[in-house]
Each structure stands twice: as structure tokens, then as C-alpha cells.
Amino acid sequence: MIKIKNLSKIYTNGRNQVVALKDISLNINQGDIYGIIGLSGAGKSSLIRCINRLEEPTSGDIFVNSINLMTLKNSELRNARKKIGMIFQNFNLLHSKNVFENIAFPLRLVKTPKKIIKEKVNHLLELVELSDKAHVYPSQLSGGQKQRVGIARALANEPDVLLCDEATSALDPKTTKQILTLLKNINKEFGLTIVVITHEMEVIKEICNRVAILEGGCLIEEGSTIDIFSKP
Ligand code: ADP
Ligand code: ADP
């Protein structure tokens, strides 16, 4: 489903170069909840942002559903990205729009008919249990509620993949559990492939079937969560 081949990322600021990712290759299968863990600075964020080319890789290939994103023109990339939803640590909600309009936003961008927007958003509000908050603004929501809006918005265009960039790092342990349970249910119900990056081991253990460990931009271990964590 996602195939990353020999991916490298070097940031260049003037004369300084930072090698953030070194020759990473990994495969993520349809229906996986795939965890990428590592310390701060290990390259997790660079890696997840390369998967939808929010960050431009320096070299390598990224296949999503057998399409090599590196060969796409901008217009084609925009289309491919509709199938790749993303949620963020700081939620990235639009503060001037209410919950309904935040979730509707990606649908309006692709000119979805009004009637269908209403149906879809109401259905998504039910899914994330926020039907009673449709007309509330983000500033009036708790962190967990904001992330549920983020998840609903990411699902609006019915993606095949959901990328989660430290999605629970700003949340307390109880709220984290609730969000992880929601992600697990979405994975089960829709067969959606989920990629999570986190520095929290508990998050990986709670939901991921496979895990990759990054250290200094290198992939140092990869395998099923049970195998990785049962090693002596
Ligand atoms: P993580 O998400 O694991 O904390 P990052 O991918 O954010 O790691 O960072 C990996 C390395 O790349 C770090 O050394 C970081 O300082 C560097 N880096 C990240 N973004 C940039 C950037 N825009 N310019 C220069 N260096 C960067
Ligand atoms: P465009 O192709 O529309 O110019 P950009 O690549 O400039 O888009 O991205 C603009 C912003 O939109 C990014 O900084 C990011 O926050 C958001 N974005 C882009 N693609 C996605 C995605 N697949 N999921 C979530 N947010 C995205």
C-alpha cells in the first residue's frame, strides 16, 4: 500500500546541511496501524511529511497504491493527496470556522454538492461523537474534541491512508486513550491504513501492529510490534 524506497532528506540552510533521513526503505501494508518511533530529532516528522510530499524528499521513491508520488506533477499530486488524510499535534483547525465548517472544508475545496456535504459531515460528526458541537468554534472545545474534529476532517474525502503526526502528544493520558480507541475503530471499520509517528512507546504498544524505530535519520529496526518489544 505504501512503499518507501531509499528515501533520503537533507535540509540545506545556507552552508549548513542536516541529514534528516538516510536511505530509508520500508513497506506499509493495507490495514496496518504502522508506528514510527524515535527520540526528538530522529527524523520522524520529516519521514511522515515526505509520505504526502508536504516535505520534498532529497532522493528516493514513495509509492502510495502503486503510484510513485515522486513522478507526479503538482496537479496530479493534489489529486493523490485527497487519498492521504493527515492529523496534527496542534490540530490545525480553522479558528474562524465552526466544527461543521472545519469538517466540510476539504469537501468544499473539491466542490462537493451542498446536500452531500451535509450528509457526509453529519455522518462524520456522529462517528466522532460530536453531533451536539456542530455549531461550536474550536476555541470552545477541549483538546480531545479538537483532535476528533481533526480526524473527521481528515476522513472527509474518504482517504486510503491516515497520517498521524504526534496526534496525541498534546493530550492527557485519558484523552489519548480515547483518541487511540477511535483510531483503532476507524481502522477496523473502514480498513483504513494508519501511520502514526510518536515519541510515546505507550501509543505504539496500544494500537500498532508494526513498528519502525528511527535513530539519527536511520531505520534501525522494523517488524511486528510483538516481536520488537519481546526482544530481550
Ligand atoms: P523528529 O520528528 O523525530 O523530531 P525531525 O524530522 O523533525 O525529527 O528532524 C530531523 C532532523 O532534521 C533534526 O536534526 C532537525 O533539526 C532537522 N530539521 C527538521 N526540519 C528542518 C528544517 N526545516 N531545516 C533544517 N533542519 C531541519
Ligand atoms: P497546495 O498543493 O494546495 O499548494 P501545499 O502543499 O502548499 O498545498 O500545502 C498547504 C498546506 O495544506 C500544508 O502546509 C498543509 O498544512 C496542508 N496540507 C496539504 N496536504 C495535506 C494533506 N494531505 N492533509 C492535510 N493537510 C494537508
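Start at 1 and go down the list; that is how both ligands and their atoms are numbered.
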Query raised in the report: Nearest protein heavy atom to atom 16 (O) of ligand 1: under 4.0 Å?
Result: no
**Report entry** Contact atoms of ligand 1, heavy-atom distance to S40 under 4.0 Å
**Finding:** 4 (O)
Side-chain donor-acceptor distances from residues 13-25 under 3.5 Å, at least two apart:
residue, atom, partner, partner atom, Å
D23, OD1, N6, ND2, 2.9
S25, OG, N6, N, 2.9

Report task. Write out the residue and atom name of the closest protein heavy atom to atom 19 (C) of ligand 1, then the distance separating them to 0.1 Å. Result -> Y11 CE1, 3.4 Å
Report summary line: Among G216, C50, S46, the residue with a heavy atom nearest to atom 6 (O) of ligand 1 is S46
Query raised in the report: So is L39 close enough to ligand 1, meaning a heavy atom under 4.0 angstrom away?
Result: yes
Query - Polar contact flag for A20 and ligand 1 (N/O pairs, less than 3.5 Å) - result: no
Report task. Mark yes or no: K188 above the aromatic ring of F190, with NZ or CZ under 6.0 Å from the six-membered ring centre and no more than 45 degrees from the axis. Result -> no
Query raised in the report: In the protein, what heavy atom is nearest to atom 14 (O) of ligand 1, and what distance, to one decimal place, separates them?
Result: V18 CG1, 3.7 Å
Report summary line: Students should find that the hydrophobic cluster of I116, defined by side-chain heavy atoms under 4.5 Å apart, otherwise consists of none
Query raised in the report: Could a heavy atom of G43 be found less than 4.0 Å from some atom of ligand 1?
Result: yes
Query raised in the report: Going by distance alone, is a donor N or O of one side chain under 3.5 Å from an acceptor N or O of the other, for K184 and N187?
Result: no
Query raised in the report: Hey, does the Lys NZ or Arg CZ of K97 hover above the aromatic six-ring of Y137, less than 6.0 Å from the centre and inside 45° of the axis?
Result: no
Query raised in the report: Of all the non-hydrogen atoms in the protein, which one sits nearest to atom 4 (O) of ligand 1, and at what distance?
Result: G41 N, 2.7 Å
Query raised in the report: Can you hop from L163 to I4 via hydrophobic side chains spaced under 4.5 Å?
Result: yes
**Report entry** Donor-acceptor under 3.5 Å (T168 side chain, L171 main chain)
**Finding:** no
